[in-house]
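The chain is numbered in sequence order, starting from 1.
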Amino acid sequence: MSEWLVLTIAMIAACAVVLTITVLQQRRLGDDDDPSETPDVIEYMTMMIGVVYAIVLGLAIAGVWEARSGAQDEARHEAQALHEVSARSEVWPAATHERIQRDVDAYVRHVVTKEWAVMIDKGGLSDRGTDLLDKVRRDVSDYVPRNDHENQAYQPMVDQVAAADDARNARGENSGPTMPGVVWFGLIIGGLVTVGMIFMLQIRRSARELLLAGLFSALIAFLLFLIWDLDAPFGRDVADSTGAFLSLFPGADSG
């Protein structure tokens, strides 16, 4: 199911629930009910709850956004390091360069077409990907430079393979959700309490009040959906997060 469809359903459902409860509540009130009699303390509590919840939402959004940005940076570092290995190997004999390039392409193809989906769905890395990267490492480390020019490229290539391996390990460690369950519990309960305070203000069935109540509940639903979507550091779809690899290795997703 498309994320946009899920978001639309969630916002419509939140609006429908709030508006339905508001209309049913107003039908139970007598004609002599006066909404101006709402105690000042309730208005103050409603304001404070809204402020506190807004701060919590802001911190949660900032946390998941920072985690996603860090994860995407690690993916870019891994892709760039592998690209450097492939490019720098051109100074070596053609057979060695072709072997390194072929093994790098095989690793990238596996990451983009297979490992990334496993990482998003289950977390962690695949053994096959580890084996393919080890093969690239052996291609580089086993070669003996024949002259100073080749020797100058040797150590930087070893360092780039190590950098790719480090970025890969970081990608595996950061592949799972970043928000603990207790935080989600607090966000959901806080959202219910914040929306529930609407009914304490004794709003009427006027078009303006119903519109504001519906928009407020839809906003809460949208922000919770935003946190849920960003809580996946590498996105919830392979095509959304493999751009760092595909920009340097075009066609890797067609393997």
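- With sequence neighbours excluded, the residues that form a ring pair (Phe, Tyr, Trp, His ring centres under 6.0 Å) with Y143 are W92.
- Two residues are said to be in side-chain contact when any heavy atoms from C-beta on lie closer than 4.5 Å; T96 and I100 meet this criterion.
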- Task: Could you check Q155 against D159 for side-chain hydrogen bond (donor to acceptor under 3.5 Å, both in side chains), going step by step and ending with a plain yes or no?
- Result: CA-CA 6 Å; Q155 189 58 48; D159 293 340; 3.0 Å; yes

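- Inter-residue side-chain proximity for T130 and R168 is flagged as met; some heavy-atom pair is nearer than 4.5 Å.
- Here the side chains of V111 and R171 are in contact, with some heavy-atom distance below 4.5 Å.
- With sequence neighbours excluded, the residues forming a side-chain contact (heavy atoms from CB on, under 4.5 Å) with W184 are M179, L187, I227, W228, D231, listed by chain and number.
- Distance check, rounded to the nearest 0.5 Å: OG1 of T8 to CZ of F222 gives 11.0 Å.
- Electrostatic pairing of R102 and D105 does not count as a salt bridge here, judged by no charged N lying under 4.0 Å from a carboxylate O.
- Side-chain contact between L57 and L224: present, with at least one pair of heavy atoms (C-beta onward) separated by less than 4.5 Å.
- None of L230, D229, L226 except one satisfies the side chain to side chain contact (heavy atoms under 4.5 Å, CB included) rule with V64; the exception is L230.
- Put simply, the side chain of R128 does not reach to within 4.5 Å of the side chain of K114, judged on heavy atoms.
- Looking at D139, V85, L82 one by one, the single match for side chain to side chain contact (heavy atoms under 4.5 Å, CB included) with V161 turns out to be V85.
- In this structure the side chain of E78 reaches within 4.5 angstrom of the side chain of F245, judged on heavy atoms.
- With sequence neighbours excluded, no residue forms a ring pair (Phe, Tyr, Trp, His ring centres under 6.0 Å) with Y107.
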